[in-house]
Amino acid sequence: MSQVRAAITGVFGYLPDYILTNDELATIVDTNDEWITTRTGIKTRHILKGEEQGTSVMVAEAIKGLLKKTNTAPEDVELVICATVTGDAIFPDTANIAAYKAGLTNSFGFDVNAACSGFLYALTVGAKMVEGGKHKKVIVVGADKMSSIIDYTDRTTCVIFGDGCGAVMLEPTTEDTGIIDYQHHADGSGEKFLYLVAGGSRKPATVDTVMAREHFVRQNGRPVFKAAVTGMTDVVQKVMARNGLDNDSLDWLVPHQANIRIIQTISKMVDFPLDKVMINIEKYGNTTAGTLPLCLWDYESQLKKGDDIILTAFGGGFTWGALYLKWAYDGSAVGK
Ligand code: ACO
C-alpha cells in the first residue's frame with residue numbers, strides 16, 4: 001500500500017472589514033506612509049472592531065467558508081487546531097469556541113501557541129494526526145487579533161501588525177502530494193526581544209500592570225529582524241537540500257509576512273527569484289499566525305497540482321521552521 005500523507009484540500013481566509021491605512025496611523029502616532037512603506041512594505045492592515053469580538057469570530061467565519069468551499073458537512077470534521085497568541089481568553093481554547101460557532105458537532109480541538117510560527121507547528125501536528133490513520137478531516141487555522149495586544153501609542157510596533165485568519169482542510173492522500181517534510185526549531189532565550197510583560201501566570205493583571213501598559217507587545221526590532229533572516233534562510237536551505245530541491249524545481253516559497261525587507265533578504269540569500277515568493281504583506285501587515293494560510297488563500301488560483309512549495313516562518317519565542325509539501329489540486333479549478 002502507498003504511503004499515506006496529509007494533503008491540503010482547501011483553503012479559506014477571513015479578514016475583518018475595517019482597513020487601517022498608513023495615513024490613518026500617521027494621525028495616531030508620529031509616523032508617515034513613506035517610513036512605513038520603505039521599512040516594512042505595509043500599506044494597509046485589517047482590524048477587528050466591536051465589543052467582545054475575539055479571535056474566534058474570525059476563526060468561525062474562516063471555518064464556515066472552508067466547509068462551504070470544500071463541500072464538507074460540519075459533522076464530518078474531526079479535529080480543529082488553531083494557532084494563535086490572541087485567543088479569546090487564556091482558556092478555554094479558541095479552537096473549540098470557534099468550532100461551536102461554526103456548527104462543528106463532532107470535533108475536538110486545541111490551540112497552539114508558537115507566535116508567528118504557530119501555523120507551521122499546527123500544520124505539522126495536524127498532518128501527523130492524519131498520517132496516523134485515525135483522522136480524515138482536520139482543519140488547521142492560523143488566526144490573530146493582534147490589535148488586541150498592540151500599543152497604539154508605540155510607533156515601532158503599531159504599524160507592523162494586523163488582524164486576520166486563514167484555515168486549511170487536511171485530508172489523507174495516497175497520491176504523490178501532501179506534506180512531505182519539516183524542520184522546526186525553538187530558542188526560549190529569544191523571549192527578551194519580543195514578549196508581553198504581564199497577563200500570564202508570571203505576572204497576572206493588576207491595576208499597576210495595566211497602567212504600565214504591560215499587556216501590549218514589546219519588541220526590539222533589530223535583533224528580531226536578524227534572527228528571522230538567519231533562521232528562515234538556514235532552515236529553508238536545509239529542507240531544500242535534503243529533499244533534492246533546487247531553485248528551478250521549487251515552485252513557491254511562502255515566507256511569514258513580517259517585513260518586506262526580511263522577505264527580500266531571504267529570497268536573496270537563498271538565491272530564489274522573488275516572483276516565486278508569495279507576498280501579500282502590503283495588504284494585511286503581520287497577522288502573526290494568520291500570514292501563511294492567508295498567502296496560500298491569495299495565491300491559490302496560481303497553484304497547480306504537484307507544485308513543490310516550502311512554507312517558512314519565524315516568530316516570538318524564538319520559534320522558527322520550514323515545511324515542504326506538494327500541492328494537491330489545481331487552484332484555478334476552485335473559486336476563492
Ligand atoms: N515611523 C517613523 N519612525 C519610526 C517608526 C515609525 N513607525 N518606528 C521607528 N521609527 C524610528 C525609530 O524611532 C528610529 O529613530 P531614531 O533613529 O531617531 O532613534 C528610526 O526610526 C530607526 O529605527 P529602527 O528600529 O532602527 O528601524 P528599523 O529599520 O530596524 O525598522 C522595524 C524597525 C520595522 C521594527 C524592523 O526592525 C523590523 O521589521 N524588525 C522585525 C520585527 C518583526 O517583524 N517583528 C514581528 C514579529 S516577529 C516576526 O514576525 C519575524
Side-chain angles (χ1 to χ4, degrees), residues 40 42 45 54-55 58-59 81-91 93-95 110-126 140-151 154 156-167 182-202 214-232 234-235 254-259 262-263 266 281 284-295 311-323:
T40 71
I42 301 165
R45 64 292 285 145
T55 294
M58 298 190 289
V59 178
I81 308 176
C82 179
T84 186
V85 293
T86 52
D88 286 22
I90 288 181
F91 86 97
D93 293 69
T94 292
F110 54 88
D111 293 354
V112 167
N113 181 333
C116 300
S117 308
F119 180 76
L120 216 50
Y121 283 22
L123 190 60
T124 308
V125 175
V140 179
V141 190
D144 271 300
K145 182 186 172 184
M146 291 307 290
S147 62
S148 65
I149 54 169
I150 290 302
D151 184 349
D154 175 6
T156 67
T157 50
C158 74
V159 301
I160 296 174
F161 294 96
D163 303 340
C165 167
Y182 69 92
Q183 182 166 329
H184 300 332
H185 297 274
D187 174 6
S189 71
E191 182 194 1
K192 58 183 174 288
F193 300 114
L194 185 54
Y195 59 104
L196 285 184
V197 177
S201 56
R202 185 168 57 192
E214 289 180 344
H215 297 271
F216 295 125
V217 170
R218 302 249 174 112
Q219 173 176 256
N220 184 349
R222 289 212 164 173
V224 175
F225 191 106
K226 276 190 202 150
V229 167
T230 312
M232 285 191 276
D234 175 66
V235 79
V254 193
H256 170 52
Q257 310 285 301
N259 180 314
I262 293 178
I263 296 169
I266 295 169
I281 189 169
Y284 310 141
N286 183 346
T287 56
T288 302
T291 68
L292 295 178
L294 283 171
C295 273
L311 313 180
T312 186
F314 186 96
F318 291 138
T319 56
W320 69 102
L323 179 145

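Because only heavy atoms are used, hydrogens play no part in the values below, and waters and symmetry mates are left out as well, while side chains stay in. All residue numbers in this chain count up from 1 along the given sequence.
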Interatomic distance, [X] atom [atom1] to [Y] atom [atom2] [nearest 0.5 angstrom]:
X: Ser148; Y: His215; atom1: OG; atom2: NE2; result: 12.5 Å
X: Thr40; Y: Phe161; atom1: OG1; atom2: CZ; result: 11.0 Å
X: Asp187; Y: Phe318; atom1: CG; atom2: CZ; result: 7.5 Å
X: Leu323; Y: Leu123; atom1: CG; atom2: CG; result: 5.5 Å
X: Phe225; Y: Asn220; atom1: CZ; atom2: CG; result: 13.5 Å
X: Leu196; Y: Arg218; atom1: CG; atom2: CZ; result: 9.0 Å

Heavy-atom distance under 4.5 Å between the side chains of [X] and [Y], does that happen here?
X: His256; Y: Phe314; answer: no
X: Glu191; Y: Ser189; answer: no
X: Thr319; Y: Tyr121; answer: yes
X: Ile42; Y: Val159; answer: no

*Donor on one side chain, acceptor on other, His184 and Thr124, under 3.5 Å*: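 His184 vs Thr124: donor-acceptor pair found between side chains.
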*If you measure only the distance, is there a donor-acceptor pair under 3.5 Å linking the side chains of Thr84 and Asp111?*
no
For the residue pair [X] and [Y], what are the closest heavy atoms and their distance?
X: Ala167; Y: Pro293; result: N-CB, 4.1 Å
X: Val112; Y: Gly118; result: CG1-O, 4.1 Å
X: Phe193; Y: Tyr195; result: C-CD2, 4.2 Å
X: Ala289; Y: Ala143; result: CB-N, 3.7 Å
X: Gly315; Y: Ala115; result: C-CB, 4.3 Å
X: Gln257; Y: Cys295; result: NE2-SG, 3.4 Å

Check whether [X] reaches the backbone of [Y] with its side chain - one donor and one acceptor, N or O, closer than 3.5 Å.
X: Asp88; Y: Thr94; value: no
X: Thr55; Y: Thr86; value: yes
X: Arg45; Y: Ile160; value: no
X: Asn113; Y: Val85; value: no
X: Thr288; Y: Cys116; value: no
X: Thr291; Y: Asn286; value: no

*Please test Gln219 against Thr156 for side-chain contact (heavy atoms from CB on, under 4.5 Å), starting from the C-alpha separation and ending with a verdict.*
CA-CA 8 Å; Gln219 173 176 256; Thr156 67; over 6 Å; no
*With side-chain contact (heavy atoms from CB on, under 4.5 Å) as the test, would you mind laying out the steps for Ile150 and Val217 before giving the verdict?*
CA-CA 6 Å; Ile150 290 302; Val217 170; 3.9 Å; yes
*asked:* Tell me which one of Leu294, Asp163, Leu292, Asp144 satisfies side-chain contact (heavy atoms from CB on, under 4.5 Å) with Thr287.
replied: Leu294
*asked:* Counting only heavy atoms from other residues, nucleotides and ligands, does the tally under 6.0 Å from OH of Tyr182 exceed 12?
replied: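 Not more than 12 within 6.0 Å, no.
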_Apply side-chain contact (heavy atoms from CB on, under 4.5 Å) to residues Leu120 and Trp320 and explain how you reach the verdict._
CA-CA 9 Å; Leu120 216 50; Trp320 69 102; over 6 Å; no
